[in-house]
K.L.:
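To start, I am sharing the structure in question, which I have written as structure tokens.
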Amino acid sequence: MRVILLGPPGSGKGTQANLLQERFSIPKISTGDILRAAVSDGTDLGSQAKTYMDQGQLVPDEIVVGLIKERIKEPDCDNGFILDGFPRTIVQAEKLGEMLRSMGQDIDVVVDLEVGKDELLVRLTGRSTCKECGAMYHKTTHPPKVAGRCDACGGELYQRDDDNEETILKRLTVYKQQTEPLKNYYEKQGKLKTAPGRGTVDEIFSRVCEMVN
Ligand code: AP5
Ligand code: ZN
């Protein structure tokens with residue numbers, strides 16, 4: 001099963017991808033997570049990416065395409081994967097298509113999570129993430145039991161540098177301009193399924209499971 005999760009910042013791609021990887025035992029591949037790990041490790045890739053990420057801009061296509069090319073060749077991807085945050089431009093989608101074709105594979109379904117702008121802002125300004133296991137919390141809708149600590153592993157929770165209102169608004173604009181055209185791109189291929197992203201995490205997860213099965 002090869003799935004793409006599409007949707008604006010804060011639509012729940014990461015949340016749903018975490019659940020899908022557990023349910024179907026296939027890896028989640030998040031370009032955002034890979035890039036943030038590179039930033040925190042202080043690698044060359046991280047220092048290149050940070051400037052773009054802090055401004056809410058997309059990292060250049062050739063960088064992320066290179067990352068994905070390496071990652072999907074790994075053995076744990078043989079039975080499929082969930083792409084979270086990739087592709088984000090038509091060029092990335094075309095390159096992904098080429099890579100998969102050369103491996104005799106294809107994307108099965110693209111799930112688009114639709115959530116309105118006001119809700120996205122509330123979600124992102126209240127989000128915190130576990131440094132250790134990546135679990136996600138929200139200060140009002142899903143607070144941790146102990147402030148600043150992950151329920152699952154006790155790891156420290158942090159707020160992303162790009163989760164301030166100014167950068168969030170930029171990310172939303174970039175999404176509209178560069179990523180939303182992918183809906184039409186995958187619709188034409190008969191792969192697009194739209195999941196209303198409002199509702200509880202569990203409600204949305206059931207809908208997404210029906211769509212990918
Ligand atoms: P990335 O990390 O991909 O961020 P994003 O697309 O902006 O998406 P988010 O991670 O912010 O949101 P999400 O949809 O995963 O929602 P989440 O589940 O966390 O990218 C960051 C940056 O990296 C980009 O700006 C770019 O610079 C760079 N980058 C990454 N990929 C790239 C690429 N392919 N090309 C170029 N550049 C790239 O949920 C959000 C919050 O809502 C959480 O607090 C969660 O608990 C809560 N929540 C989730 N579901 C619900 C629900 N149903 N009800 C209530 N709350 C909910
Ligand atoms: Zn944790």
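Read the numbers this way: they start at 1 and go in the same order the structure lists the ligands and their atoms.
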K.L.:
List ligand 1 atoms under 4.0 Å from Leu124, heavy atoms only on the residue side.
P.N.:
11 (O)
K.L.:
Any nitrogen or oxygen of Ile204 lying under 3.5 Å from a nitrogen or oxygen in ligand 1? Just yes or no.
P.N.:
no
K.L.:
Can you confirm, on distance only, whether ligand 1 has an N/O atom lying under 3.5 Å from any N/O atom belonging to Gly85?
P.N.:
yes
K.L.:
Side chains of Asp162 and Thr167: donor-acceptor distance under 3.5 Å anywhere?
P.N.:
no
K.L.:
Against heavy atoms of Gln57, which atoms of ligand 1 measure under 4.0 Å?
P.N.:
26 (C), 27 (O)
K.L.:
Looking only at protein heavy atoms, which one is nearest to atom 24 (C) of ligand 1, and how far off is it?
P.N.:
Arg88 NH2, 3.9 Å
K.L.:
In the protein, what heavy atom is nearest to atom 18 (O) of ligand 1, and what distance, to one decimal place, separates them?
P.N.:
Thr15 OG1, 2.5 Å
K.L.:
If the cut-off is 4.0 Å to any non-hydrogen atom of Val64, which atoms of ligand 1 fall inside it?
P.N.:
33 (C), 35 (N)
K.L.:
Using a strict cut-off of 4.0 Å, indicate which atoms of ligand 1 neighbour a heavy atom of Gln92.
P.N.:
33 (C), 34 (N), 35 (N), 36 (C)
K.L.:
Identify the closest protein heavy atom to atom 31 (N) of ligand 1: which residue and atom is it, and at what distance?
P.N.:
Thr31 OG1, 2.8 Å
K.L.:
What protein atoms of element N, O or S are positioned under 2.8 Å from the Zn ion (ligand 2)?
P.N.:
Cys130 SG, Cys133 SG, Cys150 SG, Cys153 SG
K.L.:
Tell me, which protein residue and heavy-atom name are nearest atom 28 (C) of ligand 1, and how many Å apart are they?
P.N.:
Leu35 CD1, 3.7 Å
K.L.:
Please report which non-hydrogen protein atom sits nearest to atom 15 (O) of ligand 1, along with the residue it belongs to and the distance in Å to one decimal place.
P.N.:
Gly14 N, 2.8 Å
K.L.:
Considering only non-hydrogen protein atoms, determine which one is nearest to atom 44 (O) of ligand 1 and report residue, atom name and distance to 0.1 Å.
P.N.:
Tyr137 O, 3.0 Å
K.L.:
Would you mind running through ligand 1 and noting each atom that sits below 4.0 Å from a heavy atom of Met136?
P.N.:
18 (O), 19 (O)
K.L.:
So between Arg160, His142, Gln178, whose heavy atom ends up nearest atom 4 (O) of ligand 1?
P.N.:
Arg160
K.L.:
Mark up the atoms of ligand 1 that fall under 4.0 Å of a heavy atom belonging to Pro9, in ascending order.
P.N.:
5 (P), 7 (O), 8 (O), 12 (O)
K.L.:
So between Thr179, Leu83, Val174, Val59, whose heavy atom ends up nearest atom 36 (C) of ligand 1?
P.N.:
Val59
K.L.:
Would you mind listing which atoms of ligand 1 come within a distance below 4.0 Å of any non-hydrogen atom of Val201?
P.N.:
50 (N), 51 (C), 52 (C), 53 (N)
K.L.:
What protein heavy atom sits nearest atom 23 (O) of ligand 1, and how far away is it?
P.N.:
Met53 CE, 3.4 Å
K.L.:
When you measure from atom 8 (O) of ligand 1 to each heavy atom in Arg123, Lys170, Lys13, which option holds the nearest one?
P.N.:
Lys13
K.L.:
Checking a contact table here: which protein heavy atom is nearest atom 12 (O) of ligand 1, and how many Å away?
P.N.:
Gly10 N, 2.9 Å
